[in-house]
There are 2 protein chains.
Amino acid sequence: MIKRYASSTDVARLAGVSQSAVSRTYRPGASVSEETRRKVLAAADELGYRPSRIPQIMLTHRSHLVALVIGGMYNPFYSSVLEAFVARLQAEGWQPLLVHVDNDCAFDDVVPTLASYRVDAVVSALAILSDDSVRQLEQLRIPVIAFNASSFGDRVVSVSSDNVLAARLVADHLVARGARRLGLIAGLVESSAGRERQAGFTARAGELGVPVAIQAGGFRYEGGRAATRRLFEGPMAPDGIFAANDLMALGAIDALRVDLGLRVPDDVLVAGFDDIPSASWAAYDLTTVLQDAPRMVDEALRVLHSAAELTTARPGRIVVPPVLIIRGSTDRPVAPVQVA
Amino acid sequence: MIKRYASSTDVARLAGVSQSAVSRTYRPGASVSEETRRKVLAAADELGYRPSRIPQIMLTHRSHLVALVIGGMYNPFYSSVLEAFVARLQAEGWQPLLVHVDNDCAFDDVVPTLASYRVDAVVSALAILSDDSVRQLEQLRIPVIAFNASSFGDRVVSVSSDNVLAARLVADHLVARGARRLGLIAGLVESSAGRERQAGFTARAGELGVPVAIQAGGFRYEGGRAATRRLFEGPMAPDGIFAANDLMALGAIDALRVDLGLRVPDDVLVAGFDDIPSASWAAYDLTTVLQDAPRMVDEALRVLHSAAELTTARPGRIVVPPVLIIRGSTDRPVAPVQVA
DNA sequence: CGCAAGCTTGCATAGCTAGTCATGCGCGAT
DNA sequence: ATCGCGCATGACTAGCTATGCAAGCTTGCG
């Protein structure tokens, strides 16, 4: 194997000093004479030397690596969360190790890899942590922070929007704008966020005495479009639709306009969840729930800092308040809400 | 500092064997008796032990870490490339280290960090490699693979679509479908992909004797929308628009329909570049150029494998053929092409 | 029963950095 | 002149795993 990087010993030899002197040159506050520092830096520059973190990991038992588990990048909300996360982690001296999980490669399969790189923590932006993998990570004493997934509330720390409250607000809003027959496009049953949005919406609709028809859309555009067509094949054609994420809501709008020849918002109101960039595009102008991604990332980092000291994070749940963004897709005169 | 992970020595002590025996248990093909293996695995299970790659990195001078540099995740094309890349890297035994670069944090700032983790290679999915940082990486002998960026063709390996050819095909197509006054929405001058698309398009339009007006859109939806409005403030209102990426093309369609009250494709043809998911949504149905992301990732990995052996990749350029996807946004009868 | 061959096991070590400890030097104070 | 102090420097070591080497054991065969 060819040696790629120069070591502090190489630099020391070239500079005619000891390895300690090299190390001290890069350690702020260490005692090095100007003369020695100059010689070391000259030699380091010649060899392209940068101190390695690898031996330090062995000595301190801290890698400053954080595993970021992804697997649903089709949703732009998660790409923006990812980008925000990476930027913040980096700014605070962590390094994100990216791990992909999907049907071919389950979370359980990558746990040994994570452990072998001695990551300090795992952040999952997906709801597909299996019970088994959580137990494995627990045994390895790796703190786990789950994003928008509260299923394992007693084992891991979760950071999420207040999905139930947000969905209730959407129900209120749709009914206030005159909807009397609601349609709900659900996500995936595996997703606790999706389940919470469904629960909040149906609960509030029930309180308001408004019926809700439900179809699953799998969190994707095509799923939302197909689910909308199915809603209109049923006995109760809805006049207000809430999709558990924006992608499905955009599919719903296209189904209504293109497939069913209906107008939005004139014939049917539509609301989504996430506030992805395309939600505000002129063709859609979608009413949606803003998830405060920067705030969520902040909270996750706060947990990370405390978890870094201990061997495990104190399990719990952090909920970030949502904001209802009202746009053209529900733009109709306000009707009085009739509480049943 | 609290010790988080068990070491092979810990396992050896518990199992009543030597550290070598533990190591050999996890090394396929090594000579270990069934009895010893059983004891080791039992002890390892109890302690939650996984072999560490960290000392191995020191011994072999190979980290199997690949730095993935991102910074434009607003474009869904890059999220899909990222996801594909991570999945493939992982399947082949690499681990992606994610690095974010933006205005606050230039590439040069993160080079020391990359070096300190002893990454085996750097993959940049962005065109913002500075000349200085390429030189730094060259001195550190870290191979660099640039995605869709050929500016540093003589220093790094680049993998990209055939942007020039694709843009020529788009020009042909728009003119064949009857456009006689073309508009081009350019990306960023820093992007070589954008420059190539512009060059190919204007060159072919020139050959066909069709005039082209140009406005910059910065690769973003809002930029594309504003650029389109500016195109129509000029002396030559275009009847065919090519945007250097899909996001700007979608902005163009919305500008035409919502801001300018025109019809697509009846009044103006629109084509984009990337084939992001929203390009095929019913509201847009955008003609675009498919960049074969899986193929591009394949090629990048091939380079990576050869670069892993050497200390540096042989500079060069790999070009992947593009595919023109014709959809409704240019759906008009074919007119005969008049070569000037 | 003796010996060789093969399998198994433990010991020792490389690889790199940060920090501890001891040493040496210069200089001011006594 | 001597002592002590502060600074600078080098030697040494911890931390963990894979592997070469030597030694011990078993087994089969003569």
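Chain letters run A, B, ... following the sequence lines, proteins first, then strands; residues in each count from 1.
- With sequence neighbours left out, the ring-ring contact (aromatic ring centres under 6.0 Å, His included) criterion links A:F219 to no other residue.
- A close approach under 4.0 Å does not occur between any side-chain nitrogen or oxygen of A:S7 and OP1 or OP2 of C:dG15.
- Counting to the nearest Å, the C1' atom of C:dG15 and the CD atom of A:Q56 are 16 Å from each other.
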Could you walk me through whether A:V86 and A:L98 pass side chain to side chain contact (heavy atoms under 4.5 Å, CB included), step by step?
CA-CA 10 Å; A:V86 174; A:L98 203 54; over 6 Å; no
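- In this structure, B:P55 and B:G16 both approach DNA chain C, and ranking their closest nucleotides by distance from the 5' end singles out B:G16.
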Please write out each protein N/O paired with an N/O of nucleotides 23-28 of chain C under 3.5 Å, distance rounded to 0.1 Å.
none

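- Of the residues in residues 36-54 of chain A, those with a non-hydrogen atom less than 4.0 angstrom from any atom of DNA chain D are A:T36.
- When each of A:V81, A:V122, A:V119, A:L82 is tested with A:L68 by the rule side-chain contact (heavy atoms from CB on, under 4.5 Å), just one qualifies, namely A:L82.
- Annotation for B:S79 and B:M73: closest pair CB-CE, 4.1 Å, computed over non-hydrogen atoms.
- We find that A:R302 and A:E299 are joined by a salt bridge, their nearest charged nitrogen and carboxylate oxygen being less than 4.0 Å apart.
- Applying the ring-ring contact (aromatic ring centres under 6.0 Å, His included) definition to pairs two or more places apart or across chains, those involving residues 23-45 of chain B are B:Y26-B:Y49.
- If you check every strand for non-hydrogen atoms under 4.0 Å, A:V22 touches nothing.
- Contacts of A:S161 classified as side-chain hydrogen bond (donor to acceptor under 3.5 Å, both in side chains), with partners at least two apart in sequence or in another chain: A:Q291.
- Here the P atom of nucleotide C:dC16 and the OH atom of A:Y26 are 16 Å apart, to the nearest Å.
- Between B:R317 and B:S160, the side chains place a donor N or O and an acceptor N or O closer than 3.5 Å (distance only, hydrogens not considered).
- Partners of A:T36 according to the side-chain hydrogen bond (donor to acceptor under 3.5 Å, both in side chains) rule, which considers only residues two or more places apart in sequence or in another chain, are A:S33.
- Residue B:H61 has its side chain nearest to C:dC16 when only C:dT17, C:dT9, C:dC16 are considered.
- Between the C1' atom of C:dA14 and the CE atom of A:M58 lies a distance of 11 Å, rounded to the nearest Å.
- For C:dG15, neither phosphate oxygen OP1 nor OP2 lies less than 4.0 angstrom from any side-chain nitrogen or oxygen of A:K3.
- Here the closest non-hydrogen pair linking B:L89 and B:P96 is CD1-CB, 3.9 Å.
- Following rounding to the nearest Å, A:R4 (CZ) and C:dG15 (P) show an atom-to-atom distance of 17 Å.
- Residues forming a side-chain hydrogen bond (donor to acceptor under 3.5 Å, both in side chains) with A:D108 (at least two apart in sequence, or on another chain): A:S130.
- Regarding B:L59, its CG atom lies at a distance of 13 Å from the P atom of C:dT17, rounded to whole Å.
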Run the side-chain donor-acceptor check on residues 37-47 of chain A: report pairs under 3.5 Å with partners two or more places apart or on a different chain.
| from | atom 1 | to | atom 2 | distance (Å) |
| --- | --- | --- | --- | --- |
| A:R37 | NH1 | A:T25 | O | 3.4 |
| A:R38 | NH2 | A:E35 | OE1 | 3.4 |
| A:R38 | NH2 | A:E35 | OE2 | 3.4 |

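- For residues 5-14 of chain B, every residue pair satisfying the side-chain hydrogen bond (donor to acceptor under 3.5 Å, both in side chains) rule, not counting sequence neighbours, is listed here: B:K3-B:D10, B:S7-B:D10, B:S8-B:Q19, B:D10-B:R13.
- On the nucleic acid side, DNA chain D contacts chain A at distances under 4.0 Å to non-hydrogen atoms, with the end points of that region at D:dC7 to D:dT17.
- Residues satisfying the side-chain hydrogen bond (donor to acceptor under 3.5 Å, both in side chains) test with A:R88, not counting sequence neighbours, are A:E92, A:D298.
- Heavy atoms of A:S31 sit under 4.0 angstrom from at least one base atom.
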Set out, line by line, the N/O atom pairs under 3.5 Å between protein and nucleotides 19-22 of chain C.
| from | atom 1 | to | atom 2 | distance (Å) |
| --- | --- | --- | --- | --- |
| C:dG19 | O6 | A:S20 | OG | 3.4 |

